[in-house]
Amino acid sequence: GTVLAYYQTFEKSRLKELAEFFPENAEWVEIVLKRMLDLYDPFKNFAYYHPSQKGSASLKKVLPALTGKGYDDMDISDGTQASLQYLLVTHGSYEGKKATPQEAKKILADLEEYCGQDTEGMVWILDKLNNLIKNVTEESEEMHPHIATRELKNFWINSLSRRYIQFIRDRLANNDKEAFYILNEV
């Protein structure tokens with residue numbers, strides 16, 4: 001089956017490094033690399049874009065823009081923080097600090113939650129995109145262009161516009177003229 005990644009360039013590099021460190025697994029790594037598919041592709045050239053992404057196509061920006069689910073309420077909420085916390089648990093910090101057993105337990109639970117959000121987030125994104133493609137394709141093939149168009153419109157309104165309104169809500173409440181202008185024009 002397919003091995004789904006978000007920004008496979010990074011993931012493939014890490015797998016190749018692992019194959020160098022553990023040559024007994026190099027053949028398996030090569031098999032995985034050939035099966036890899038990049039979920040980043042529809043977003044990297046902004047074929048899909050929402051203003052809340054703030055110019056970024058990273059998973060941390062695309063996931064909340066498309067699904068409304070994100071990382072804000074997590075104790076570990078980005079890759080750099082995850083790497084530093086993992087380093088603290090496994091080897092200690094750059095300053096020589098070691099995690100206590102209680103800290104290590106909490107950090108490992110937080111890392112599991114963070115990595116789980118990444119993995120589940122890719123599933124949610126893929127599901128959203130697959131449902132849209134399936135519905136539009138079925139309705140187009142059944143010669144129901146009005147329903148296919150409605151599917152696209154619903155996606156636009158529910159997945160893009162509402163998220164945009166949520167994103168600029170505070171600006172609208174403060175009578176931000178630019179926000180009102182964009183809202184009226186778009």
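Predicted model only: the values in this text are computed from it and were never measured.
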> Given Lys60, which of Asp118, Asp72, Asp78 fulfils the salt bridge (Lys or Arg N to Asp or Glu O under 4.0 Å) condition?
Asp118
> Using 4.0 Å as the upper bound for N to carboxylate O, is an ion pair formed by Arg14 and Glu17?
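Salt bridge present between Glu17 and Arg14.
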> Hydrophobic clusters join Ile, Leu, Val, Met, Phe, Trp and Tyr when side-chain heavy atoms are under 4.5 Å apart, directly or via other members; which others share one with Ile31?
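None, because no other hydrophobic side chain comes under 4.5 Å of this residue.
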> Can you check whether Gln81 reaches Met74 side chain to side chain, under 4.5 Å on heavy atoms?
no
> Does Asp110 reach the main-chain N or O of Ile76 with its side chain, forming a donor-acceptor pair under 3.5 Å?
no
> Using the rule that two of Ile, Leu, Val, Met, Phe, Trp, Tyr join whenever any of their side-chain heavy atoms come within less than 4.5 Å, decide whether Leu15 and Leu4 are in one cluster.
no
> Check the pair Lys106, Asp75 against salt bridge (charged side-chain N to carboxylate O under 4.0 Å, His left out), reporting the backbone distance first and the verdict last.
CA-CA 10 Å; Lys106 166 97 170 75; Asp75 287 335; 2.4 Å; yes
> Linking I/L/V/M/F/W/Y whenever their side-chain heavy atoms sit closer than 4.5 Å, directly or via other members, would Leu59 and Leu37 fall into one cluster?
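Yes; tracing contacts between hydrophobic side chains, which count when under 4.5 Å, links both residues.
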> In terms of hydrophobic clustering (I, L, V, M, F, W, Y; side-chain heavy atoms under 4.5 Å; direct or indirect links), are Leu66 and Val123 co-clustered?
no
> Please examine the side chains of Val62 and Tyr6, heavy atoms only from C-beta on, and report whether any two atoms are closer than 4.5 Å.
yes
> Going hydrophobic residue to hydrophobic residue with side-chain gaps under 4.5 angstrom, can you get from Met122 over to Leu126?
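The answer is yes; both residues are in one hydrophobic cluster.
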> Using side-chain heavy atoms (C-beta onward) and a distance below 4.5 Å, is Leu33 in contact with Lys16?
yes
> How would you list all residue pairs meeting ring-ring contact (aromatic ring centres under 6.0 Å, His included) that involve residues 82-134, not counting sequence neighbours?
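Found Tyr71-Tyr114.
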> Met36 and Val29: same hydrophobic cluster, using ILVMFWY side-chain contacts below 4.5 Å?
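Yes, Met36 and Val29 fall within the same hydrophobic cluster.
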